[in-house]
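What follows is a short report on a single structure.
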Amino acid sequence: MKRIMLSLALMVVAGSGFAQNSAHFKAQALMRDKKDYAQAAEVCEQAIVNPKTTKFAEIYRDMGLAYASLFNNELAKAARELPFDTIAFCNYLDKAVDAFTNSHLADIKPDAKGRVKPEFEIMNKMNLNQMLNYFNYAGVFKAQGGKNEESLKYFEKYINMPKNPIFSQHETDSIYKVGLHEYSQAAFNVSLLNYNLKNYEAVISSADLALKDAELDKQNVHDAYVMKSNSFLMLKDTVSYAKTLRDAVAATAGEGFMSDLITYYMRRQNRAEAIQMADELIKQKGSNKTSYYIKGCLEMNMTPYNYTSAREAFAKAMELDPDYLEANTNMGVCWIQDVQDKINANYFHLPRGNDNASATKYNNIVNTQINPYYKNALPYLEKARQLAPEKPELWAQGLYLCYTNLKETAKANEVKPFVPKN
C-alpha cells in the first residue's frame, strides 16, 4: 500500500462563482465560509428530495463539490502516507462521481422548448476527468483489506469510468488508449477476483481486456490464460477451452498450455482435427518451436501413427532451438516406437527358424534394417541426458533400449539403475 500511495495526486476541485440562490447558496456559503463540506452535502441531499427543487444541475454540482472536498481530505492523508479512512475515501468518491454525473445529466436535459443549454459541462467534465483513476486505488485498498467483492466493484468502476456519459466516444477511446496498461492491469485484477469468487463468465471478458496489453507482465499473461481456459472448462465449453489453449501456446509457448492442448486432442481421438489445429498453429506462429513440437507429439501418438511426419516436426523445432529438451527426447522415442511397431507388425519379415540360414538372415536384418533406428535415436537421447541429467524419466528407458539392442553392454549397465521402476 505504501508504494502506491506515492503516486496519488491531490484533486483540484473545479467550481464556479457562488450563486446567491436558496439551497445551493446555503451549501456554497457553508463550503466557502466555514469549510463545512459535510453540512453542505447534507443541505444538497435534502434539496434533491424536496419536491419544490427545480435547479437539479446546480444542486448536484454543489453536492459534487462538497463530496469531492471531503474526498480530497482523505486523499491528502493517503498521499502523505498518513492513516486515513478507506471507507470514507471510497464513499466520498462514489458520491462525488454520482453527483457530478447527475449534474451533467440534468444540465443536458432539454427545457420546455426542447433546447439544451448546458451551464456546467466544462466544470463537471474537469472534475470527473480528475477522478478517473481513483476507483483503481479504491479497488486496491479494498483488496488489501480482504474485501474482495467490494474490491471487485471498484476495479469494475475504474474500468467503466471512461464510459461516463459526460465523455464523448472520442474522449472515451482516447482515455482507454492512453491508459491501456493501467486498465489492462485492473482487468487482470477483476479476472483474479472473479476467479476466486467462481464467477467464471465474468473472468473471461475481463481476461480478454487484460490480454489486449502487449506489455502486460509475462506472469500476468500466463495467469490470465490459465484463468480464462479453466473458466471455459468449468462452464463445459470445451471448444472455447481448446481455442484458449491454442492462443496461450501462441502467446506464451508455455509448457503447461502445450501439454494441456496435446492431452485435449488426444482424448478426443479426432486425428484430422488435431493435425489441422497443429498446422494452423504453425501457420500462425511459424517461428515458434512449440508449434512444431505439438505437431510432432500428435503425429507420433495419434493413430494412425505418422512417425516420419513427427520426426520432421521435431527436427523443425530443434532447428529453432537445438537444446529443446522435449523435442530431443521425443525425437529419440519416435525412432524407437517406430521400429518397435514395425517389429510387432512383422514389417521386417524376421525368420522364425532355428537353422543356421535363418539365424544368419535374422542377424542380417537386425543389423542392416532394425538397428539403424536405434542408432538414429541414440544421439537425441544422449543429448537429452546432457541437457537434463536430473530427469532420467525422460531419457533412461530409451537409452537403455538403444544400448542393449546395439550390444553396448557397458553403457546399458551404466544407465540401467536410472530406468524408472514401474
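For the atom pair OH of Y134 and CG of N72, the computed distance is 6.5 Å after rounding to the nearest 0.5 Å. With rounding to the nearest 0.5 Å, the separation of CG in L75 from CG in L93 is 9.5 Å. Atom NE2 of H170 and atom CD1 of I175 lie 10.0 Å apart (nearest 0.5 Å).
With hydrogens and angles disregarded, a donor-acceptor distance shorter than 3.5 Å links the side chain of N376 to the backbone of P372. Under a 3.5 Å cut-off, the side chain of T244 and the backbone N or O of S229 do not form any donor-acceptor pair. Proximity of a side-chain donor or acceptor of K383 to a complementary backbone N or O of P322 within less than 3.5 Å is detected. For the pair D107 (side chain) and E119 (backbone), a donor-acceptor distance under 3.5 Å is present. W395 contributes no side-chain N or O that, together with a main-chain N or O of G332, makes up a donor-acceptor pair within less than 3.5 Å. With N199 contributing its side chain and A202 its backbone, the two residues share no donor-acceptor pair below 3.5 Å.
Under a cut-off of 6.0 angstrom, the local environment of CG in L235 is crowded, with over 12 non-hydrogen atoms contributed by other residues, nucleotides or ligands. Heavy atoms from other residues, nucleotides or ligands lying under 6.0 Å from CD of Q269 number more than 12. Remark: I87 CD1 is loosely packed, at most 12 non-hydrogen atoms of other residues, nucleotides or ligands lying under 6.0 Å away. Heavy atoms of other residues, nucleotides or ligands lying less than 6.0 angstrom from CD of E201 number 12 at most.
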Can you list the steps and then say if D247 with K228 is a salt bridge (charged side-chain N to carboxylate O under 4.0 Å, His left out)?
CA-CA 11 Å; D247 293 342; K228 184 179 177 182; 5.1 Å; no
When you look at I166 and T101, which way does the side-chain contact (heavy atoms from CB on, under 4.5 Å) test go after all the steps?
CA-CA 7 Å; I166 203 166; T101 301; over 6 Å; no
Candidate pair D338 and K342, rule salt bridge (charged side-chain N to carboxylate O under 4.0 Å, His left out), full reasoning
CA-CA 6 Å; D338 191 0; K342 286 175 177 174; 3.5 Å; yes
Run K142 and L193 through side-chain contact (heavy atoms from CB on, under 4.5 Å) and show every step you take.
CA-CA 12 Å; K142 290 294 185 181; L193 289 165; over 6 Å; no
Take K77 and D85 through the salt bridge (charged side-chain N to carboxylate O under 4.0 Å, His left out) test and state the conclusion after the steps.
CA-CA 9 Å; K77 298 174 192 173; D85 188 336; over 6 Å; no
For K177 and D173, what are the C-alpha separation, side-chain angles and deciding distance, and is it a side-chain contact (heavy atoms from CB on, under 4.5 Å)?
CA-CA 6 Å; K177 183 177 180 179; D173 293 342; over 6 Å; no
Begin from the C-alpha positions of Y374 and L378 and carry the test side-chain contact (heavy atoms from CB on, under 4.5 Å) through to its verdict.
CA-CA 6 Å; Y374 293 109; L378 192 56; over 6 Å; no
Test salt bridge (charged side-chain N to carboxylate O under 4.0 Å, His left out) applied to E414 and R385, step by step
CA-CA 13 Å; E414 185 273 330; R385 184 179 188 179; 2.9 Å; yes
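In this pair, F89 and F141 present their aromatic rings perpendicular. The plane angle is above 60°, beyond the 30 to 60° band. Using a 30° and 60° split on the angle between ring planes, Y373 and W335 fall in the perpendicular class, above 60°.
Looking only at side-chain heavy atoms (C-beta outward), Q337 and Y305 stay at 4.5 Å or farther from each other. Residues K55 and R61 are not in side-chain contact: their nearest non-hydrogen atoms beyond the backbone lie 4.5 Å or more apart. Side-chain atoms of L105 and N102, non-hydrogen and from C-beta on, do get closer than 4.5 Å to each other. Taking the side chain as every heavy atom from C-beta outward, L128 and M161 approach each other to under 4.5 Å. E156 places a side-chain heavy atom less than 4.5 Å from the side chain of L152. Side-chain contact check for M300 versus V333: some heavy-atom pair is nearer than 4.5 Å. A 4.5 Å side-chain heavy-atom check between E382 and L399 finds at least one atom pair inside the cut-off. Side chains of N127 and Q130 form a contact here, defined as non-hydrogen atoms less than 4.5 Å apart.
Residues D237 and S240 approach most closely at OD2-OG, 2.8 Å, considering heavy atoms. Residues A57 and S103 approach most closely at O-OG, 2.8 Å, considering heavy atoms. Pairing each heavy atom of A23 with each of V43, the nearest pair is O-CG1, 3.6 Å. A pairwise comparison of heavy atoms in I336 and C402 identifies CD1-SG, 3.9 Å as the closest pair. The minimum heavy-atom distance between T53 and I59, with the atom names listed, is CG2-CG1, 4.2 Å. Minimum interatomic distance between I370 and V339 (heavy atoms only, all atoms of both residues): CG2-CG2, 3.7 Å.
If you check the side chains of E280 and Q284, you find no donor sitting under 3.5 Å from an acceptor. Side chains of D94 and Y154: a donor on one and an acceptor on the other come within 3.5 Å. Using modelled atom types, one finds a donor on one side chain and an acceptor on the other under 3.5 Å when comparing D341 with Y307.
Both the sub-6.0 Å distance and the 45° axial angle are satisfied by K289 relative to the ring of Y324.
In terms of the side-chain hydrogen bond (donor to acceptor under 3.5 Å, both in side chains) criterion, residue partners of K125 (sequence neighbours excluded) are, by chain and number, E171. The salt bridge (Lys or Arg N to Asp or Glu O under 4.0 Å) search around E182 returns none, not counting sequence neighbours.
For residues 194-223, the pairs satisfying ring-ring contact (aromatic ring centres under 6.0 Å, His included) are H222-F257, with sequence neighbours left out.
Taking the six-membered ring where the residue is Trp, the centroids of Y292 and F314 are separated by 6.0 Å or more. Remark: aromatic rings of Y158 and Y183 are close, center separation under 6.0 Å.
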